[in-house]
*Asks:* 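To start, I am sharing the structure in question, which I have written as structure tokens.
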Amino acid sequence: MEYNFSEIEKKWRKHWAENQTFKAEDASDKPKFYVLDMFPYPSGAGLHVGHPLGYIASDIYARYKRLCGFNVLHPMGYDSFGLPAEQYAIQTGQHPAITTEQNVARYRDQLDKIGFSFDWSREVRTSSPEYYKWTQWIFKQLFDAWYNLSTDKAETIEQLLAIFKSAGNANVNAHTDYTTVFSADEWNAKSEQEQSAILMEYRLAYLADSWVNWCPALGTVLANDEVINGLSERGGHPVEQKLMRQWSMRIKAYAERLLTGLEKVDWTDAIKDIQRNWIGKSVGCSVKFSLASSLSDPDTSGLEDNVIEVFTTRPDTIFGVSFMVLAPEHPLVDEITTAEYKAQVEAYKTAASLKSERDRQADVKNITGQFTGAYALHPFSGEKIPVWIGDYVLASYGTGAVMAVPCGDQRDYDFAKQFSIPIKNIFENVAIEEAAYTEKEGVITNSDFLNGLAVKKAMEVAIQTIEANGLGKGKTNYRLRDAIFSRQRYWGEPFPVYYKNDIPYLLADNQLPVILPDVDKYLPTEDGEPPLARAKQAAWNQFEGDRMETNTMPGWAGSSWYFLRYMDPKNETAFVSKEKADYWNQVDMYIGGSEHATGHLLYARFWTKFLYDLGFISFDEPFKKMINQGMILGRSSFVYRVKDSLKFVTNTKKDNYETTPIHVDISLVDNDKLDLEGFKAWRSEFANAEFICEDNGDYICGHEVEKMSKSKFNVQTPDELVDKFGADTLRMYEMFLGPLEQTKPWDTKGISGVHNFLRKLWRLFYQDGSLVLNDAPADKAALKTLHKTIKKVTDDLERFSFNTNVSNFMICVNELTDQKCHAKEVLEQLVILLAPYAPHVSEELWVILGHEAGTISTAKFPTFNPDFLVEDEIAYPVSFNGKMRLKVALPATLSAKEVEEAVMALSDTQKWLEGKAPKKVIVVPGKIVNIVY
RNA sequence: GCGGAUGUGGUGAAAUUGGUAGACACGCUAGACUUAGGAUCUAGUGCCGAGAGGUGUGCGGGUUCGAGUCCCUCCAUCCGCACCA
């Protein structure tokens, strides 16, 4: 019997599907283990070999955990709302649901071929109404919640309303920018409209006018992380700034908890650092500067009522302030600018607003600014400080204004030099002629009550004094911004929101889901309204008030909680039941790409914390451990076209001609050798191609490692490899490629090595068509090989070293082959070890070993017995001055002293000593001998 | 500029705590076998050298009996952030 992988694999996939082998039970005596992959967006292109890499690793781990006696949850689904299906709909008119359905079917087909142990009964799709009903429901909870800083958690708006009605907002400590204080009576006297507007300032999901990244080509708003270098991530269209009324999520309320929560999770430092950086915490204090009116300019009278509030991380340098800078968009700019400077300030503001965010950032070297004519007063010295505007100050960070300390900040220093503003030095014994002194150490001078204090101490004293004088207070700022939650797209979740007199209201729970209505076209309306504005009233399954919300939710809405839905995917009365959420709890192992560091992974943590605050789940971090698989790069092939001709020259001779490299489809290339006829047939323009070949008549292509993409013709699909070599080979080969986390080039050359390994394994069972398995007790060498392998495989799995495990299996099979071992006793254990990696052939061999069909996934994982590894002899490497020169086999029982004596007695030792006496002999028992001479 | 990661044969890589550098595999060389199979088997394969031997983990230093591994300087590549006060 031969190793017929295609029949074996087909048979077992059918068996698993029919018997629901991998269905997870919601309750079990076994401990639970949740292994999750980041679910894919089902794109039209299907899977390439890079996609399954993480899925294979997680599948191996899930299968391993099952063998270790865990109740494993290992689900899969689709993040099926998204732009490509919508773009396709715009072009063809085909409803995105149809496109999505087709793509999902193709993905499923491809995934099935690889033999994953997913529990498909739990599949979720973010675009199905049964799923997005609950996405809408969670949105409702966010709308109906505020953040209580006193309890440091989200609470319901109902609770907040009760306080407002009985006591006003004076004692409410909420995360909000709303500063007006009102009493209970005042609140109760307000109109519904006024109350709604105030509550909006507290809600975690809120409507606000915000500056957004507007992409005219896509007709939609994009999140910061969907914009790359001023272009849209999808499509590469230009993006501009625009003020729009948008739904936002008050994620800033969770900034500190998102930061501290990172300490509780087992993620790589790289991802944690990206998130920390994104949250961007900085500690300092706010300081209020009052404005001075000028006697000579009557225009400035009354200015002293205004204050400019700044945020600084260096309150210790307050006496170094020699000017202030406001962002051009700062609301006080118009008010404080004197008549003399009006025109120049207006011109500067206009110039700044015309520059895109991207230009402003790209233009760091070019220092620009404009004096406003106004002066502020130093809070301690009372000195007059000129107030400038400059676009290096960002309106969206801190207070949009800075106190400039040129001696301690390089940007302030450059600005001062540019505009000849005096620079005051407040650092003792530090030269600032060339550059600012930005170290946070040293001693402060020229600074009144801070004189003689070390920087750290001066910060404390400065904050104390500022607070004591009512000039400001200690404050922490975060760079993290609230997340815009509206998109002007069709293919996303509709909001469970309607408007009456322009006040937004939620639909009732029993009206959910609000189903995506049909529209005639998937484009924005002529007035720039989102596509849903095209829907006729009758097209909505729910319609209340004057109009429905026509924005849809962003892509990250559905993916921020899908891991919870897998726990209870069919629940019609809750997004997940409390019991099931308690049972399955956190994701124990999450595998996916690191590109989601500031998007999905941050939002999912935010929603998890929110749902935890409201008591729906009992954990506040979703992903306990995470591994980020590296990208698999493609290997592109090139042909070299001789300039102005249809001649193509082989790689080794291309330097003799003037050529242009052209990407050629990798399916036409085998081991760099081009299929000439295939190439001519590939594209009509090459039908009459001529070739300048190697001397043996072959045409050899050049190659380069690049990202896989259709346009580079270097996409390798898993399907053809599965057909050629089988899923078990593909699974093992993808693991064998290198460490999971590493970026690595794809190359099919090595796949035969893995395939040959499986054939060699098969030959331990069948040789020349007949079964060679025997019941005889295994000899010592075979047991040693087996237990050595058990140990290595277990250890390597625990540290997620999937690649070295493949070689462990190869070594094991090589040794057993050399030993001519066909003992059931040994092979049975080996097959269980291998089952997570090569599940199909393992199932087949398991049956051949006499077990019931389909039971290997519940077998017991072998345990390592060190007794089998005990050695009688150790081959000691002997080095001289650290260089290994010879080996000597000595009994394992020898003491260090005995080893030394035995080694010194060797004639070879004397030879290497060249007659010199050894100065020192180091013996590490069981390991090595080093002789220093 | 800041933060993170990586750098080892012709190629993918291994070396978990400092202890034989290059396991395992691809490729290549030579040979065997044959029912010609993306077979199988044997031997070899870091570099220099006929050999003895020398040399070798991005560069340069250091610690140590011993360094791919620890410390310092520098270089290169990749990823993320970037006027964040």
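All chains are named by letter (A, B, ...) in the order of the sequence lines, taking the proteins before the strands, and each is independently numbered beginning at 1. Here the structure is a predicted model, which means the values were calculated and not measured. Heavy atoms only: backbone and side chains are in, while hydrogens, waters and symmetry mates are out.
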*Asks:* Could you check which of B/U55, B/A25, B/A14 has an atom nearest any side-chain atom of A/N814?
*Replies:* B/A25

*Asks:* Pull up the glycosidic torsion of B/G56 and say syn or anti, syn being anything within 90° of 0.
*Replies:*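 With its glycosidic angle more than 90° from zero, B/G56 counts as anti.
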
*Asks:* Determine which nucleotide pairs with B/A30, using a 3.5 Å limit on both distances of a Watson-Crick or G-U wobble pair.
*Replies:*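 Paired with B/U42.
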
*Asks:* With sugar-phosphate meaning primed atoms plus P, OP1 and OP2, does A/D273 contact a base, only sugar-phosphate, or nothing at under 4.0 Å between heavy atoms?
*Replies:*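 The answer is sugar-phosphate, as A/D273 gets under 4.0 Å only of primed atoms, P, OP1 or OP2.
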
*Asks:* According to the Watson-Crick and G-U wobble definitions, with both distances under 3.5 Å, which nucleotide is paired to B/C2?
*Replies:*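 WC or wobble partner is B/G80.
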
*Asks:* Using whole Å, report how far CG of A/N803 lies from P of B/A23.
*Replies:*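 Value for this atom pair: 15 Å.
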
*Asks:* When we call it a touch if two heavy atoms are under 4.0 Å apart, what does A/I922 touch: a base, just sugar-phosphate, or nothing?
*Replies:* base

*Asks:* Taking the basic N atoms (NZ, or NE/NH1/NH2) and the acidic carboxylate oxygens, is any pair closer than 4.0 Å for A/R276 and A/D273?
*Replies:* yes

*Asks:* With the side chain of A/K887 defined as its heavy atoms from C-beta on, choose the nearest nucleotide among B/A85, B/A13, B/U20.
*Replies:* B/U20

*Asks:* Between A/R885 (CZ) and B/A52 (C1'), how many Å, whole number?
*Replies:* 12 Å

*Asks:* Along nucleotides 33-42 of chain B, 5' to 3', which nucleotides get a B, which get an S, and which get a -, given that the test is a protein heavy-atom distance under 4.0 Å?
*Replies:* -----BSSS-

*Asks:* Out of B/G19, B/A14, B/G80, which has the shortest distance to the side chain of A/I274?
*Replies:* B/G80

*Asks:* Counting C-beta onward and ignoring hydrogens, is there a side-chain heavy-atom pair between A/M459 and A/V283 closer than 4.5 Å?
*Replies:*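 No. Closest side-chain heavy atoms not under 4.5 Å.
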
*Asks:* A/F864 vs A/T794, test: side chain to side chain contact (heavy atoms under 4.5 Å, CB included). Steps then yes/no.
*Replies:* CA-CA 9 Å; A/F864 165 63; A/T794 313; 5.8 Å; no

*Asks:* Is it true that A/E815 and A/K784 make a salt bridge, defined as a side-chain N closer than 4.0 Å to a carboxylate O?
*Replies:* no

*Asks:* Quick one: does A/F289's side chain get under 4.5 Å of A/I385's, heavy atoms only?
*Replies:*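 Yes, side chains in contact.
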
*Asks:* Partner lookup for B/U20, please. Criteria are Watson-Crick or G-U wobble with both distances under 3.5 angstrom; report none if nothing qualifies.
*Replies:*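 None - no nucleotide pairs with B/U20, as no candidate has both distances under 3.5 Å.
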
*Asks:* Report the nucleotide, chosen from B/A85, B/C84, B/A25, that has the shortest atom-to-atom distance to any side-chain atom of A/R411.
*Replies:* B/C84

*Asks:* Taking atom types as modelled, is there a side-chain donor on A/N4 or A/S6 under 3.5 Å from an acceptor on the other?
*Replies:*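 Yes, a side-chain donor-acceptor pair sits under 3.5 Å.
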
*Asks:* Counting neighbours of CD on A/E798 that are heavy atoms of other residues, nucleotides or ligands and sit closer than 6.0 Å, is the number greater than 12?
*Replies:* yes

*Asks:* Looking at A/E256 and A/K281, is there a salt bridge between them, counting it only when a charged N and a carboxylate O are closer than 4.0 Å?
*Replies:*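 Result for this pair is yes, salt bridge flagged.
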
*Asks:* May I ask which nucleotide in the shown strands pairs with B/G9, Watson-Crick or G-U wobble, both distances under 3.5 Å?
*Replies:*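 Pair assignment: B/G9 / none.
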
*Asks:* Write down the partner of B/G53 under the Watson-Crick or G-U wobble criteria, each distance required to be under 3.5 Å.
*Replies:* B/C48

*Asks:* What is the distance, rounded to the nearest whole Å, between atom CE of A/M884 and atom P of B/G56?
*Replies:* 16 Å

*Asks:* With a 3.5 Å limit on both atom pairs, tell me what B/U69 is paired to, counting Watson-Crick and G-U wobble, or say none.
*Replies:*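 Pairing partner: none.
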
*Asks:* By nearest atom, which of the nucleotides B/A85, B/G53, B/A15 is closest to the A/L394 side chain?
*Replies:*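 Of B/A85, B/G53, B/A15, B/A85 is nearest to the side chain of A/L394.
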
*Asks:* Output the single nucleotide from B/U20, B/A85, B/C65 whose closest atom is nearest the side chain of A/I928.
*Replies:* B/U20

